[in-house]
Amino acid sequence: MPAPDFSKELNAGQLAAATHGDGPLLIVAGAGTGKTRALVYRVAHLIGRGVPPNRILLLTFTRRAAQEMLARAERLVGGATGRVHGGTFHATAHRLLRAYGPGVGIAKDFTILDQSDAEDLMGMARAHLGFAQRHSRFPKKETLHHVYSRHVNTEIPVDQILRDDLPQFEGDLPDITRTFAEYVSRKSERNLLDYDDLLLCWALLLERAPELGERVAALYDHVLVDEYQDTNVLQARILRGMATTHKNVTVVGDDAQSIYSFRGATVRNMLDFPAQFPGATIVTLEQNYRSTQPVLDVSNTLIARAPRGYGKQLFTTRQGGERPLLVAARDEHEQTQYVTDRVLELHEAGTPLREMAVLFRAGYMSADLEIELTNRQIPFEKWGGIKFLEAAHVKDILAFLRILENPRDEVSWFRVLTLLPGIGDITARAALALMADRAWDPAAFSLWTPPPRARAAHEALAGAIAELSRRDEGGAQRSVSEEIARVRRMYDDILRDRYDRPEPRLADLDQLEIIAGGFPHRAAFLSELALEPPSATHDLAGGSDSENDALILSTAHSAKGREWDAVFLIWAVDGWFPSSRAMRSDEDTEEERRLMYVAMTRARKHLHVVYPLNAYQSRFGTEYSIDQLSRFIDAGVRERMTRVAAAPEAIPVPEDRERSAAAPEMDLRAFLRERFGG
DNA sequence: TTTTGAAGTCTCTCC
DNA sequence: GACTTCAAAA
């Protein structure tokens, strides 16, 4: 196939990026400058040049991004791209390790630990070494896991992480290190891999296993990476390992949109790219095709304060358009009313709901809005935030399945055992010790003698396990949904006993059963859920309603890479956005600024930034701080916005003086009443 | 001794 | 509203 001529469809920068020949290429692309377009056309160009699709690897941040890009490339070259390999780093690592892991001592049937599983296992290591009760000041399992994960992903020594982030635990370094060692050995004994292991094993495979590593690297002639500003040093190592022979690496990113440092990502990967890949070509994209000039003016001003690695000045030819609105609301309720009213107006005027989004800093901030949307029967989809899979009852069911899949998975055993009435952690540990002695044979479980109170429950569980593990011996093949249904025959009663209102939780389990129906076998189902958790209720419904129009509710993080005609940024309140938890250092605060920049640049035409005053009510924790407009919306940003009140009759729009002047009087007595329950 | 219920505490972002 | 901690019940 001859290389298609893209010169009419791309601007000069995009064309240079798309048609770049071999060798390393860095595309520095500002928000909305068509970086996806450049990447898609580059894939098409490579195929047109004769590179077999299955020898191209496209690494993206979410699976959704990969699918969209591949679909677009496919349209360009007419169906040939179906076999381009694409996905997240983690999902790709998973695929490669299933195939090549056994060659480096990773059992083929490993189980993936999600974050909370990993934390639980860390907790077991902690308890095993006797640090649980020793002195109550030893770090919690979540903290331990955070430090461990940070160490793996950033390669910063543990003692330095402690010194920088948790100086109160500096003296515990030896015990912390021992806990990590215990955690690591438990993982390998139990055949478990956490998220970090997926990346680490991929990197080590390339670096330490000369023959196999070479075979893996030789799978692809070209590797393309999207959102490179949000990768970490481990991922950069992987990239180098995959390109040792051919150096055909294309990375795309925007240092102004780096928002994942909490996960070890570092913008240094982008800044150091030319040094790590000598001879790299750099292409900069600056023309914004997404937003109108007034929207761009506000976001450019917001980000202008930040120190920049690769300077970019975004411009657009889309003149005209309305100035972004800065909306003062009296309280959360008024904010909700404002957003719902405007959404309905825009919808009346012809904007589909799907072309509008409400963005916020953290998942729980949309609770009030969700209630109102439900009451007014406005369909919505929520991205990010509370995950279906993190719900205790869903994890319970998955723990049952994981025992069947990997009987050595003690995290799941422990979870299931402590569900049974009459069994707490002491008894559960005793049972696990017995199981370990019997080489984790599931049949050994029925031999264990539980305390009298737990007899009936033990019998029911042993029965279910025996029945379900029998399928491997030739019985009728059970589907994953059928397995879940069988587990629920005993589990639903436990659920009903535990909660006053079990109905919504039972409904979740119904949904889980439906999702499971789409998977050929249990292992695929479990891996998929760990790597690509359903991110929206929509995903759960099982496709097919993609035409359904629904307003998007999303965290700012999950909104990355997306765009909408209208964007409502809510809770633009200091302490909420930026989050008070993320302001411990200047770097953290700068990342919050970039996050707000990401949120604002999602808007094509309409941008509404809403800040409720009196946000303190009903929320504890953040001292007595009087709520103020986000510090990022400073005078320079404000003068490029139009200030309005959410409800005109309610309060006057605050004077445009500095922050404290904009705050209302605080009803301290009402606050204290609420706080102390008077 | 172990479990369980009740009072008390603090709530981020994601593969 | 969910998770931890502490004291009473089995």
Side-chain angles (χ1 to χ4, degrees), chain A residues 59-65 87-94 112-119 123 132-133 136 140-142 146 149 152-153 193-199 227 230-232 234-235 258-265 359-367 383-387 389-393 418-430 450-454 497-501 527-533 535 554-560 571 575-584 588 591-592 594-596 598-599 618-623 675-677:
Chain A
L59 294 167
T60 55
F61 206 71
T62 61
R63 184 181 52 176
R64 189 183 330 196
T88 61
F89 271 90
H90 290 86
T92 305
H94 172 242
I112 298 173
L113 296 177
D114 71 18
Q115 178 160 331
S116 67
D117 298 329
E119 288 165 354
Q133 54 282 71
S136 55
K140 292 189 297 186
K141 63 186 199 300
E142 291 83 5
H146 169 79
S149 179
V152 172
N153 282 286
L193 295 191
D194 62 24
Y195 287 140
D196 305 325
D197 289 330
L198 291 174
L199 298 183
E227 309 282 10
D230 282 324
T231 55
N232 59 42
L234 191 50
Q235 288 164 312
S258 142
I259 55 175
Y260 278 91
S261 72
F262 68 90
R263 205 168 98 178
L359 306 183
F360 31 84
R361 175 63 178 81
Y364 63 88
M365 293 181 187
S366 64
W383 297 355
I386 307 151
K387 304 277 175 353
L389 293 176
E390 284 162 14
H393 48 289
T418 50
L419 280 175
L420 306 182
I423 298 183
D425 44 336
I426 306 281
T427 316
R429 270 185 241 287
R453 288 190 55 211
D497 282 347
R498 197 139 47 119
Y499 298 100
D500 289 341
R501 271 176 20 86
S527 304
E528 175 82 3
L529 285 187
L531 289 169
E532 286 289 344
S535 55
S554 174
T555 60
H557 281 92
S558 296
K560 189 169 70 149
W571 289 114
W576 301 69
F577 204 156
S579 157
S580 54
R581 294 204 65 196
M583 289 192 288
R584 293 171 57 202
D588 287 352
E591 179 149 314
E592 294 284 298
R594 292 192 295 271
L595 184 58
M596 185 174 278
V598 167
S618 86
R619 316 265 186 196
F620 297 148
T622 43
E623 302 103 57
R675 168 119 200 182
F676 299 106

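Letters A, B, ... are given to chains in the order of the sequence lines, protein chains preceding strands, and every chain is numbered from 1. Values reported hereafter were calculated over all heavy atoms of this structure, with side chains retained and with hydrogens, waters and symmetry mates removed.
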**Report entry** Structure string for DNA chain B in dot-bracket form, Watson-Crick and G-U at under 3.5 Å, | interchain
**Finding:** |||||||||......
Query - Nucleotide B:dC14, atom P - distance to CG of A:D196 in whole Å - result: 17 Å
Query raised in the report: Between A:S558 and B:dT13, is there a side-chain N or O to OP1/OP2 distance below 4.0 Å?
Result: no
Report summary line: Here the pair of heavy atoms bringing A:K560 nearest to A:I259 is CD-CD1, 3.9 Å
Compare the minimum distances between each of [options] and the side chain of [X], then state the nucleotide with the smallest one.
| X | options | answer |
| --- | --- | --- |
| A:T88 | B:dC15, B:dT3, C:dT4 | B:dC15 |
| A:I426 | B:dT2, B:dC14, C:dA10 | B:dT2 |
| A:R581 | B:dC14, C:dT4, B:dT11 | B:dT11 |

Does [X] reach a base, just sugar-phosphate, or nothing at all? Heavy atoms under 4.0 Å.
| X | result |
| --- | --- |
| A:I259 | nothing |
| A:P451 | nothing |
| A:F89 | nothing |
| A:D425 | sugar-phosphate |

Query - Polar side-chain contact A:R263-B:dC15 base: donor and acceptor under 3.5 Å - result: no
